[in-house]
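Just below is one structure, and these are the notes that go with it.
Nothing here was measured: the structure is a model prediction, and the numbers come from that model. Residue numbers start from 1 in every chain, and the chains themselves are labelled A, B, ... in the order their sequence lines are given, proteins ahead of strands.
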Number of protein chains: 2
Amino acid sequence: MKPNKISEAVVRRLPVYLRFLNELSASRIQTVSSQDLGEKLDLNPAQIRKDLAYFGEFGRKGVGYNVDYLIEKIRQILKLDKMMHVALVGTGNLGRALCNYNMYIKDNMKIVSVFDADESKKGTLINQLTVQPMQELSAAVKQHDISVGIITVPSAEAQNVADQFVAAGIRGILNFAPVVLKSIPGVRIHHADFTAELLSLAYYMDHINGSLNGEESQ
Amino acid sequence: MKPNKISEAVVRRLPVYLRFLNELSASRIQTVSSQDLGEKLDLNPAQIRKDLAYFGEFGRKGVGYNVDYLIEKIRQILKLDKMMHVALVGTGNLGRALCNYNMYIKDNMKIVSVFDADESKKGTLINQLTVQPMQELSAAVKQHDISVGIITVPSAEAQNVADQFVAAGIRGILNFAPVVLKSIPGVRIHHADFTAELLSLAYYMDHINGSLNGEESQ
DNA sequence: TAGATTGTTAATCGATTAACAATC
DNA sequence: TAGATTGTTAATCGATTAACAATC
């Protein structure tokens with residue numbers, strides 16, 4: 001199949017496939033069907049086949065998919081073979097946790113520079129990284145070939161940091177602040193919005209027995 | 001409008017509306033139109049009106065929505081007025097960061113108990129909470145009326161923790177481990193999957209100039 | 001009033017699922 | 001071969017957007 005427009009929904013499922021395939025590979029399982037994948041990942045097998053078919057013919061009819069081959073292909077698609085350098089701004093609890101993780105983002109991302117607007121934090125060490133003031137962002141992006149920025153500052157400052165990222169030449173941003181950021185064409189912003197996940201989770205609590213909106217329902 | 005089946009997409013947008021409305025309220029802005037909201041939140045105004053209309057008639061034709069009234073209504077819908085008690089399992093970097101946050105989850109969620117499978121962590125203090133061993137989970141859920149569980153353990157252990165949550169009577173789970181968890185009907189599992197966000201972000205880097213899949217397939 | 005904006009129905013768009021020929 | 005499973009087209013489903021009467 002030709003690489004037409006791939007929808008976001010498809011791209012977001014690729015990491016999910018990849019992670020499970022890695023598990024299979026670690027268990028020395030060599031072949032997997034869309035059926036198997038669907039059961040484990042709670043997805044429709046036809047959807048999985050269709051998702052993969054956007055990028056090529058990776059399976060064998062009557063057999064299934066070779067696990068290691070499919071891993072290789074998905075890694076290529078997601079471009080996980082190139083190491084990407086990451087800058088993180090905001091050294092609060094979450095920012096420090098991510099720096100200490102760091103290798104959790106293992107496959108292809110590495111936090112190489114850390115920044116904080118608070119001048120008093122300058123020089124602090126976090127997992128071998130020295131906290132820098134924001135004025136040094138632009139130079140660091142050039143020096144370390146940084147392509148991705150992570151925002152872990154309070155909501156009120158997030159847009160400002162995003163703008164500075166863009167000005168410095170960063171083209172991919174992961175924003176942890178619970179606020180919608182404005183971007184420009186060519187810059188991709190993803191949100192890691194777990195506070196929204198929690199709030200929407202609350203909605204579903206006890207909703208099974210349908211006690212919401214008692215006044216108007218039915 | 002009658003409260004029929006509300007789609008997940010709608011519920012997920014409610015926290016986004018709420019947060020921006022809170023900003024408006026803080027700025028003493030009393031009225032807002034779906035037009036304004038749409039511009040700020042990058043959404044179609046018709047979609048916003050439709051979303052809100054699922055739950056009632058909150059606006060005034062020709063005028064717009066009263067900010068504080070809409071805040072109140074959305075808080076009711078999401079049930080943010082009741083405080084929910086939360087248990088967290090896994091006191092690694094991320095788990096500790098969330099505990100230290102804690103009030104970040106301010107509106108209606110409070111972490112009241114923290115657990116770790118590692119016995120040697122028993123008794124450790126994290127932001128005034130004492131780390132407990134897993135055997136005490138069930139009793140704590142009853143004692144503190146805990147309704148939500150947060151999972152911040154490694155992927156391999158996440159399903160096991162989820163099962164223990166369910167067995168203890170928890171009906172809402174926020175999972176930070178990058179793995180798909182199996183649930184049972186009546187238990188709601190949300191994922192805070194920022195590693196997937198990063199991996200899918202990588203896909204879009206440089207894809208603007210469309211250099212993917214230069215070779216057709218194979 | 002005249003202009004603005006909602007609530008809601010109808011039209012459109014896109015994503016998921018079903019079905020099946022191809023073929024391993 | 002016979003059974004299994006892909007890749008892909010067609011059918012279905014659901015979500016978004018447009019349009020507009022109601023009305024503030």
Side-chain angles (χ1 to χ4, degrees), chain A residues 1-14 16-17 21 24 29-71 73-74 77 180 200 213 215-216, chain B residues 1-14 16-17 21 24 29-71 73-74 77 180 200 213 215-218:
Chain A
M1 179 165 230
K2 311 265 176 59
N4 284 328
K5 266 288 176 302
I6 311 289
S7 88
E8 285 195 34
V10 173
V11 175
R12 269 163 209 281
R13 282 190 291 268
L14 295 179
V16 178
Y17 300 155
L21 291 165
L24 292 179
I29 291 165
Q30 299 186 328
T31 304
V32 69
S33 68
S34 59
Q35 183 76 235
D36 299 337
L37 285 168
E39 269 161 35
K40 283 297 187 176
L41 303 176
D42 244 331
L43 294 170
N44 183 299
Q47 181 171 66
I48 294 173
R49 293 200 299 278
K50 202 163 197 287
D51 284 355
L52 297 173
Y54 281 113
F55 303 99
E57 303 195 3
F58 302 145
R60 282 177 67 202
K61 293 186 170 80
V63 178
Y65 298 91
N66 177 286
V67 171
D68 289 325
Y69 180 71
L70 191 51
I71 288 174
K73 283 300 175 184
I74 295 180
I77 294 163
V180 176
S200 60
N213 264 359
E215 344 107 39
E216 209 193 338
Chain B
M1 181 167 225
K2 312 264 175 61
N4 284 327
K5 266 288 177 301
I6 312 288
S7 89
E8 285 194 35
V10 173
V11 175
R12 268 163 209 281
R13 281 190 292 267
L14 294 180
V16 178
Y17 300 155
L21 290 166
L24 292 179
I29 292 165
Q30 300 186 330
T31 303
V32 70
S33 68
S34 59
Q35 183 76 233
D36 298 339
L37 285 168
E39 270 162 33
K40 283 298 186 175
L41 302 176
D42 244 333
L43 294 170
N44 183 300
Q47 180 170 67
I48 294 173
R49 294 199 299 276
K50 201 162 197 285
D51 284 355
L52 296 173
Y54 282 113
F55 303 98
E57 302 196 2
F58 303 144
R60 283 177 68 200
K61 293 185 170 80
V63 179
Y65 299 91
N66 177 287
V67 171
D68 288 325
Y69 180 71
L70 192 51
I71 287 174
K73 284 299 176 183
I74 295 180
I77 294 163
V180 176
S200 60
N213 264 1
E215 19 82 66
E216 165 91 355
S217 61
Q218 108 88 4

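With sequence neighbours excluded, no residue forms a salt bridge (Lys or Arg N to Asp or Glu O under 4.0 Å) with B:Arg49. Scanning for side-chain contact (heavy atoms from CB on, under 4.5 Å) contacts around A:Glu8 gives A:Arg12, A:Arg188, B:Tyr204, with sequence neighbours left out. By the side-chain contact (heavy atoms from CB on, under 4.5 Å) test, B:Asp68 is found to be paired with B:Ser25, B:Asn66, B:Ile71, residues two or more places apart in sequence or in another chain being considered. Applying the side-chain contact (heavy atoms from CB on, under 4.5 Å) rule to A:Ser7 yields the partners A:Ala9, A:Val10; only residues at least two apart in sequence or on another chain are considered. With sequence neighbours excluded, the residues forming a side-chain hydrogen bond (donor to acceptor under 3.5 Å, both in side chains) with B:Asp51 are B:Arg13, B:Tyr17, listed by chain and number. In this view, A:Asn44 and A:Ala46, A:Gln47 satisfy the side-chain contact (heavy atoms from CB on, under 4.5 Å) rule, not counting sequence neighbours.
Regarding contacts with the backbone of C:dT16, a side-chain N or O of A:Arg13 is found under 4.0 angstrom from either OP1 or OP2.
Rounded to a whole Å, the CG atom of B:Leu70 is 14 Å from the C1' atom of C:dT5. Across the protein-nucleic acid pair, A:Ile6 atom CD1 and C:dA15 atom P stand 11 Å apart, rounded to whole Å. Atoms CZ (B:Arg12) and P (D:dT16) sit 12 Å apart, rounded to a whole Å. Here the C1' atom of nucleotide C:dT8 and the CZ atom of B:Phe58 are 15 Å apart, to the nearest Å. If you take OH of B:Tyr65 and P of C:dT5, they are 12 Å apart, rounded to a whole angstrom. The distance from atom CG of A:Leu52 to atom P of D:dT5 is 16 Å, rounded to the nearest whole Å.
Interatomic distance, A:Tyr65 OH to A:Leu52 CG, rounded to the nearest 0.5 Å: 5.0 Å. The distance from the CG atom of A:Leu70 to the CG atom of A:Leu37 is 7.5 Å, given to the nearest 0.5 Å. Atom CD1 of A:Ile48 sits about 9.0 Å away from atom OG of A:Ser33, to the nearest 0.5 Å. Here the straight-line distance linking atom CD of B:Gln30 with atom CG of B:Leu24 works out to 11.5 Å at 0.5 Å rounding.
Near DNA chain C, meaning a heavy atom under 4.0 Å away, the residues from residues 30-49 of chain A are A:Asn44, A:Ala46, A:Gln47, A:Arg49.
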Under the side chain to side chain contact (heavy atoms under 4.5 Å, CB included) rule, what do B:Ile74 and B:Phe58 come out as? Steps first, then yes or no, please. CA-CA 10 Å; B:Ile74 295 180; B:Phe58 303 144; 5.8 Å; no
What protein N or O atoms touch nucleotides 11-14 of chain D N or O atoms at under 3.5 angstrom, if any, and at what distances?
none

Listed pairs, N/O of protein and of nucleotides 21-24 of chain D, under 3.5 Å:
from   : atom 1 : to      : atom 2 : distance (Å)
D:dC24 : O4'    : B:Lys61 : O      : 3.0
D:dC24 : O3'    : B:Arg60 : NE     : 3.2
D:dC24 : O3'    : B:Arg60 : NH2    : 2.3

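When side chains are defined from C-beta on, A:Val67 does not count as touching A:Thr31, because their heavy atoms never get closer than 4.5 Å.
In DNA chain D, runs of at least 3 stacked Watson-Crick or G-U pairs (N1-N3 plus N6-O4 or O6-N4, or N1-O2 plus O6-N3, all under 3.5 Å) give these stems: C:3-24 with D:3-24.
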